[in-house]
Amino acid sequence: MKIAVITDSGSGLTKTQANALGIYYLPLQILIKDQMYLDGENITLAEVYQFLENGEMPTTSMPPVGIIEDVFEQIKNDGFDEVIAIPLSSGLSSTASIMQATAKEFDLPMHMIETYTTCEAQKYLATCAKILVDQGLEVDEIIARLKDSIKESDSLVIPNDLQHLKRGGRLTPIAAALGGLLKIKPVLQLNEKTGGKIDVYDKVRTLSKALKTAVTTFSEKNLDSDYKIVILHSKAQEDAEKVKELMEEVFPNSDITFGNIGPVISVHTGLGCVAMQYIKKVQIEI
């Protein structure tokens with residue numbers, strides 16, 4: 001059986017990067033000033049930051065139906081028998097459901113992986129799925145290994161301003177209610193227990209306490225070299241670097257990645273956000 005792997009731009013991958021990895025790619029849409037952009041294709045992270053700094057409140061939506069159909073038609077024409085799909089959490093986007101409908105339209109058996117996450121963890125899962133496919137593993141074994149990692153993963157988000165997330169409807173009702181509270185710095189959580197939606201993990205008074213809370217939470221998980229740890233930010237490099245230093249002290253032997261929150265997710269987090277993710281490494285043959 002010939003297996004294709006597909007993901008979307010919530011992973012932070014660009015179309016060029018995904019193509020280089022041999023992964024099929026769907027761009028989510030970013031709407032700014034009545035202009036629609038394709039994430040990862042014709043708008044950069046720097047441009048999104050600039051719009052946000054100018055006071056714009058962009059919105060996002062799932063990939064265009066026409067592009068989804070074109071990609072699945074390409075997968076069919078390329079001779080693939082089935083598909084492993086790794087979209088961003090269904091709690092954040094309806095992309096997964098439209099992918100399922102389109103796969104059925106093209107009579108392509110598709111295995112949908114509910115990631116309960118996005119960003120670097122989603123990218124990691126998609127990349128590992130492609131590696132396992134190339135190693136010749138059966139689809140059921142690939143899915144089992146991906147799900148094993150997802151069960152032991154978590155994301156903590158510390159936004160500077162909740163209004164972007166609240167406006168986008170990606171928060172649970174409890175988390176959204178925090179938007180009206182003054183002098184509260186929420187630590188938000190995204191994982192399987194939250195149903196892939198962003199929920200409240202803790203509420204503190206200062207950013208410093210929020211960052212320390214996140215690091216302490218990770219330290220209590222007893223993460224070791226079998227886990228991948230990620231520190232991400234949306235134009236909050238100084239704060240993110242503080243977290244990275246703290247993480248390196250706590251986990252001196254772990255694989256810690258540092259980077260940016262991708263364009264489409266930055267639209268919802270707003271500027272000044274720091275996020276931390278961990279995920280158990282996928283079992284890959286060496």
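Side-chain atoms are counted along with the backbone in the values below, which use heavy atoms only and exclude waters and symmetry mates.
- Two different hydrophobic clusters hold Leu108 and Ile3 under the rule that ILVMFWY side chains link at heavy-atom gaps under 4.5 Å.
- Residues Arg205 and Lys185 form no side-chain contact, since every pair of their non-hydrogen atoms from C-beta on lies 4.5 Å or further apart.
- Considering only heavy atoms from C-beta on, Leu28 stays 4.5 Å or farther from Met62 through its side chain.
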Would Leu232 and Val274 satisfy side chain to side chain contact (heavy atoms under 4.5 Å, CB included), going step by step from the backbone distance to the final call? CA-CA 6 Å; Leu232 301 169; Val274 177; over 6 Å; no
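- The main-chain N or O of Ser225 is found under 3.5 Å from a side-chain atom of Lys281 such that the two form a donor-acceptor pair.
- With Arg145 contributing its side chain and Gln283 its backbone, the two residues share a donor-acceptor pair below 3.5 Å.
- Cys128 and Ile284 get closest at one heavy-atom pair: SG-CD1, 3.7 Å.
- The structure places CD of Glu141 at 11.0 Å from CD of Gln135, a figure rounded to the nearest 0.5 Å.
- Ion pairing of Lys2 with Glu82 is absent here, as no side-chain N (NZ or NE/NH1/NH2) approaches a carboxylate O to less than 4.0 Å.
- Between Asp8 and Gln122, the side chains place a donor N or O and an acceptor N or O closer than 3.5 Å (distance only, hydrogens not considered).
- Using a 4.5 Å cut-off between side-chain heavy atoms of Ile, Leu, Val, Met, Phe, Trp and Tyr, with links allowed through other members, Ile142 and Ile23 fall into the same hydrophobic cluster.
- Considering Ile143, Leu137, Thr127 as possible partners of Leu132, the one that fulfils the side-chain contact (heavy atoms from CB on, under 4.5 Å) test is Leu137.
- In this structure the side chain of Thr16 never reaches within 4.5 angstrom of the side chain of Asn19, judged on heavy atoms.
- Heavy atoms of other residues, nucleotides or ligands lying less than 6.0 angstrom from CD of Gln74 number more than 12.
- Note that NE2 of His233 is 11.0 Å distant from OG1 of Thr269, once rounded to the nearest 0.5 Å.
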Check the pair Leu271, Asn160 against side chain to side chain contact (heavy atoms under 4.5 Å, CB included), reporting the backbone distance first and the verdict last. CA-CA 7 Å; Leu271 299 177; Asn160 182 53; over 6 Å; no
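- Taking a 6.0 Å sphere around CD of Glu285, one finds it holds more than 12 heavy atoms contributed by other residues, nucleotides or ligands.
- Residues Val139 and Val133 have side chains not in contact (no heavy-atom distance under 4.5 Å, counting atoms from C-beta outward).
- At least one side-chain heavy atom of Lys203 sits less than 4.5 Å from a side-chain heavy atom of Val200.
- Centroid-to-centroid, the aromatic rings of Tyr24 and Phe80 come within less than 6.0 Å.
- Lys228 and Thr257 form a side-chain donor-acceptor contact under 3.5 Å, judged by distance and modelled atom types alone.
- Between Ser11 and Thr118, the closest side-chain pair of non-hydrogen atoms is not below 4.5 Å.
- No more than 12 heavy atoms of other residues, nucleotides or ligands shown are found within 6.0 angstrom of NZ on Lys221.
- Checking side-chain atoms of Ser153 against main-chain N and O of Ile279 turns up no donor-acceptor pair under 3.5 Å.
- Other residues, nucleotides and ligands place more than 12 heavy atoms under 6.0 Å from the NZ atom of Lys76.
- At a threshold of 4.5 Å between non-hydrogen side-chain atoms, the residues Met57 and Phe51 do not count as touching.
- In the hydrophobic cluster analysis, where Ile, Leu, Val, Met, Phe, Trp and Tyr join through side-chain heavy atoms closer than 4.5 angstrom, Ile158 is grouped apart from Val267.
- Looking at Lys280 and Asp226, no side-chain N of the basic residue comes within less than 4.0 Å of a carboxylate O on the acidic one, giving no salt bridge.
- Two different hydrophobic clusters hold Met276 and Leu190 under the rule that ILVMFWY side chains link at heavy-atom gaps under 4.5 Å.
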Any chance you could lay out the side chain to side chain contact (heavy atoms under 4.5 Å, CB included) test for Glu69 and Phe106, step after step, and finish with the verdict? CA-CA 9 Å; Glu69 291 176 342; Phe106 284 92; 4.2 Å; yes
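- Contact detail for Ser266 and Tyr49: the closest heavy-atom pair is OG-CE2, 4.0 Å.
- Side chain of Thr194 to backbone of Lys197: a donor-acceptor contact under 3.5 angstrom is found.
- Remark: the backbone N or O of Thr117 is paired with a side-chain donor or acceptor of Thr115 at under 3.5 angstrom.
- There is a side-chain donor-acceptor pair under 3.5 Å between Gln189 and Asp154.
- The cluster map of Ile, Leu, Val, Met, Phe, Trp and Tyr, joined by side-chain heavy atoms under 4.5 Å apart, puts Leu31 and Leu38 in different clusters.
- Panel note: side chain Glu241, backbone Glu238; no donor-acceptor pair is recorded below 3.5 Å.
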Quick one, His111 with Val83, criterion side chain to side chain contact (heavy atoms under 4.5 Å, CB included). Give me CA distance, side-chain angles, the key distance, then yes/no. CA-CA 6 Å; His111 308 275; Val83 182; over 6 Å; no
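- In this structure, CD1 in Ile43 is found 11.0 Å from CE in Met36, a value given to the nearest 0.5 Å.
- A donor-acceptor pair is defined here as one N or O able to donate and one able to accept, closer than 3.5 Å; such a pair exists between the side chain of Asn54 and the backbone of Gln50.
- Nearest heavy-atom pair, Thr7 versus Ile86, reported as atom, atom and distance to 0.1 Å: OG1-O, 2.6 Å.
- Closest approach of Lys130 and Gly22 over heavy atoms only: CE-O, 3.6 Å.
- Listed here is the closest heavy atom pair of Cys273 and Ile261: SG-CD1, 4.0 Å.
- The OG atom of Ser94 lies 11.5 Å from the CE atom of Met99; values are rounded to the nearest 0.5 Å.
- Side-chain polar atoms of Gln277 and Tyr124 form no donor-acceptor pair below 3.5 angstrom.
- A salt bridge is defined here as a Lys NZ or Arg NE, NH1 or NH2 lying under 4.0 Å from an Asp or Glu carboxylate O, and Lys33 with Glu56 meets this definition.
- Taken from OG1 in Thr95 to CG in Leu88, the straight-line distance is 5.5 Å, to the nearest 0.5 Å.
- Minimum heavy-atom separation, Tyr37 to Ile32: CE1-CB, 4.1 Å.
- Residues Ser61 and Gln29 have side chains that bring a donor and an acceptor to within less than 3.5 angstrom of each other.
- For the atom pair OG1 of Thr102 and CD1 of Ile67, the computed distance is 12.0 Å after rounding to the nearest 0.5 Å.
- With Phe218 as the fixed residue, the ring-ring contact (aromatic ring centres under 6.0 Å, His included) test singles out one of Phe251, Tyr227, Tyr278, Tyr201: Tyr278.
- Glu41 and Thr14 share no donor-acceptor pair across their side chains, judged by distance under 3.5 Å alone.
- The residues Lys244 and Glu249 are annotated as not salt-bridged, no charged nitrogen and carboxylate oxygen being separated by less than 4.0 angstrom.
- Leu125 has its side chain within reach of Val282: a pair of non-hydrogen atoms, C-beta onward, lies under 4.5 Å apart.
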